[in-house]
Chemist: 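Take this structure, written in structure tokens, and hold onto it; I'll ask about it next.
Just so you know, residue 1 is the first one in the sequence shown, and it goes up from there. The analysis underlying the following values was restricted to heavy atoms, covering all of them including side chains, and did not include hydrogens, waters or symmetry mates.
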Amino acid sequence: MAADEGLPAHPAPLVSEALPAGFTADVQAIARIDAVKTVLRVLLQTTGLRLAVVARVTTQEWRCCAVLDEMNFGLNPGDTLAITTTFCDTVRTSATPLLVNHASEDPRFANHPAPKLYGVESYIAVPLYRRDGSFFGVMCALDANPALVAEDKLEVFRHLGELIGHQLENQEELERREAQLFSAKEAAILREQLIGIVSHDLRNPLNAILLSASTMVRRTDLDERARKAIRRIVDSADRAQRLIRDLLDFTQARMGQVLPVNRRPMDLHELTMQAVNEVQSVMPERMLEVETRGDGNGSWDSDRIAQVIHNLLSNAVQYSPPSARIQVLCEGGHQELVLRVSNTGPPIPTDVIATLFEPMRRGTEDGTERRSIGLGLFIVDQIARAHGGHVEVDSAQARGTTFSIHLPRRG
């Protein structure tokens with residue numbers, strides 16, 4: 001099935017209403033939860049589906065409260081659907097999570113209105129509850145294409161659903177808090193919950209996947225087709241691990257803390273070669289070139305600098321043509337080393353450069369198929385600052401784009 005095959009010409013019979021200030025109190029409540037956008041992005045990254053939604057669901061109405069749409073479904077916060085036409089109504093009535101990988105061939109849902117009206121073939125969801133135990137709605141991810149989402153993803157959904165549900169106040173409380181939904185204490189609890197979920201419930205199974213796949217790819221009895229498939233698993237798990245680490249670092253930075261660095265004497269030239277080789281091994285089709293100049297010795301956190309190199313290379317791969325060369329230069333000066341990563345992709349618009357190192361930002365809309373959540377460059381900037389350095393970017397049509405990380409030899 002093609003990317004958007006199966007979507008009707010008018011994918012969703014949306015019911016437009018005159019909403020106060022454009023949103024209902026329920027939509028406003030979800031909009032005030034800063035973590036929602038990040039959670040929806042994690043859902044798409046985890047499942048490979050392209051539409052994630054938090055919806056208020058009652059016996060009479062389905063209303064979109066927050067949405068991350070990467071398949072042009074046309075759904076916006078405040079839009080409503082006929083409740084009986086949604087899979088979410090099944091979640092409401094059963095009060096249990098639901099996973100559907102191929103609705104039109106699933107005996108339970110072959111005649112359900114959702115695949116016929118909206119072209120929805122894959123769907124995963126959990127119910128959302130307020131603190132007092134009352135039902136609020138559903139958090140779901142879906143796609144027009146069939147999927148192969150494993151049952152264990154429901155556990156990830158359940159934990160993230162609890163994270164969102166625990167922040168919902170009762171309706172009277174929500175209406176009184178017009179300026180701020182969370183107190184400082186509640187915000188701290190939310191951050192702690194997010195850190196716990198990401199670091200434990202996502203990181204541990206990913207480590208197991210990466211270890212198993214890395215072991216399998218070294219086998220000598222695999223044909224090339226199987227080897228390529230396993231390499232894709234390694235690549236996907238490695239990217240997901242970097243996403244988790246970026247999320248944890250982002251949370252720490254938002255709490256006003258400087259990222260911790262463990263400085264030790266090292267050779268930055270050697271580390272750069274090693275990091276580039278690691279990326280090359282999972283992306284053999286890309287042309288990565290490395291050059292080192294001058295003295296590479298200094299005192300840095302090797303893990304953090306490797307994180308910088310991986311993030312910059314990931315960014316360069318994402319925003320440059322597949323045939324383009326990516327050049328890495330590590331140049332030692334008298335008091336600092338400069339690490340430069342260059343690509344020949346489209347230039348970054350001038351108005352974007354000013355906010356490029358802010359979280360949840362992207363240089364352009366190109367490369368969205370890799371579903372970056374826009375933290376890579378933010379983390380690069382934070383790591384450079386933690387080492388007493390800084391980041392510069394130069395981008396023009398004739399020269400391409402170069403990120404330069406200036407790192408003092410010693411802090």
Chemist: Checking S314 side chain against H310 main chain: does a donor-acceptor pair fall under 3.5 Å?
Modeler: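 Judged by distance alone, no pair lies under 3.5 Å.
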Chemist: Is the side chain of D143 donor-acceptor paired with the backbone N or O of R50 at a distance under 3.5 Å, no angle test?
Modeler: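 Yes, D143 side chain to R50 backbone: donor-acceptor pair under 3.5 Å.
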Chemist: Set out, in order, the CA-CA distance, both residues' side-chain angles and the distance that settles salt bridge (charged side-chain N to carboxylate O under 4.0 Å, His left out) for R225 and D223, then state yes or no.
Modeler: CA-CA 6 Å; R225 182 177 179 182; D223 58 33; over 6 Å; no
Chemist: Here's one to test your reading of the geometry: is the NZ or CZ of R340 within 45 degrees of the ring axis of F403 and under 6.0 Å from its centre?
Modeler: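 No.
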Chemist: Within the distance-only criterion (no hydrogens, no angle test), does the side chain of Q280 pair as donor or acceptor with the backbone N or O of M283 below 3.5 angstrom?
Modeler: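 Yes, because the side chain of Q280 sits within donor-acceptor range (under 3.5 Å) of the backbone of M283.
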Chemist: Under 3.5 Å, is there a donor-acceptor pair between the R92 and T58 side chains?
Modeler: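 No, no side-chain donor-acceptor pair sits under 3.5 Å.
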Chemist: Answer yes or no: is there a donor N or O on one side and an acceptor on the other, between the side chain of R304 and the main chain of V261, under 3.5 Å?
Modeler: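 Such a contact is absent between R304 side chain and V261 backbone.
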Chemist: Verify side chain to side chain donor-acceptor pair (under 3.5 Å) between R399 and S342, making sure each step is shown before the conclusion.
Modeler: CA-CA 9 Å; R399 299 187 300 273; S342 305; over 6 Å; no
Chemist: Decide if atom CD of E224 counts as having more than 12 heavy atoms of other residues, nucleotides or ligands within a radius under 6.0 Å.
Modeler: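 Buried by this count: over 12 neighbours within 6.0 Å.
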Chemist: Using only atom types and a distance under 3.5 Å, with no angle test, would you say the side chain of D69 pairs donor to acceptor with the backbone of G74?
Modeler: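 Yes, D69 side chain to G74 backbone: donor-acceptor pair under 3.5 Å.
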Chemist: Donor-acceptor check, side chain of H387 to backbone of D301, threshold 3.5 angstrom: yes or no?
Modeler: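 Judged by distance alone, yes, a pair lies under 3.5 Å.
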Chemist: Crowded around R158 CZ? As in, over 12 foreign heavy atoms under 6.0 Å?
Modeler: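 Yes.
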Chemist: May I ask you to check whether Y129 and F135 place their ring centers less than 6.0 Å from one another?
Modeler: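 Yes, the ring of Y129 comes within the 6.0 Å limit of the ring of F135, centre to centre.
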Chemist: Going by salt bridge (charged side-chain N to carboxylate O under 4.0 Å, His left out), name the residues that satisfy it together with E331, two or more places apart in sequence or in a different chain.
Modeler: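 E331 satisfies salt bridge (charged side-chain N to carboxylate O under 4.0 Å, His left out) with R293 once adjacent residues are dropped.
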Chemist: Salt-bridged, E61 to R56, with N to O below 4.0 Å?
Modeler: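 No, E61 and R56 are not salt-bridged.
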Chemist: Do side-chain atoms of E121 reach the backbone of A103 as a donor and acceptor pair under 3.5 angstrom?
Modeler: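 Present.
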Chemist: Walk me through whether Q28 and D26 qualify under side chain to side chain contact (heavy atoms under 4.5 Å, CB included).
Modeler: CA-CA 5 Å; Q28 291 174 345; D26 294 325; over 6 Å; no
Chemist: Flag the pair F109 / F87 as yes when their ring centroid distance falls below 6.0 Å, and as no otherwise.
Modeler: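 Yes, close enough.
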Chemist: Counting N and O atoms only, with roles assigned by atom type, does the side chain of R409 sit under 3.5 Å from a partner on the main chain of N297, one being a donor and the other an acceptor?
Modeler: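 At least one qualifying donor-acceptor pair exists.
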Chemist: Does E291, at its CD atom, have more than 12 non-hydrogen atoms belonging to other residues, nucleotides or ligands within less than 6.0 Å?
Modeler: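 Counting neighbours around CD of E291, more than 12 heavy atoms of other residues, nucleotides or ligands fall under 6.0 Å, so yes.
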Chemist: For the side chain of H269 and the backbone of G294, is there at least one donor-acceptor N/O pair under 3.5 Å apart?
Modeler: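 Yes: the side chain of H269 pairs with the backbone of G294.
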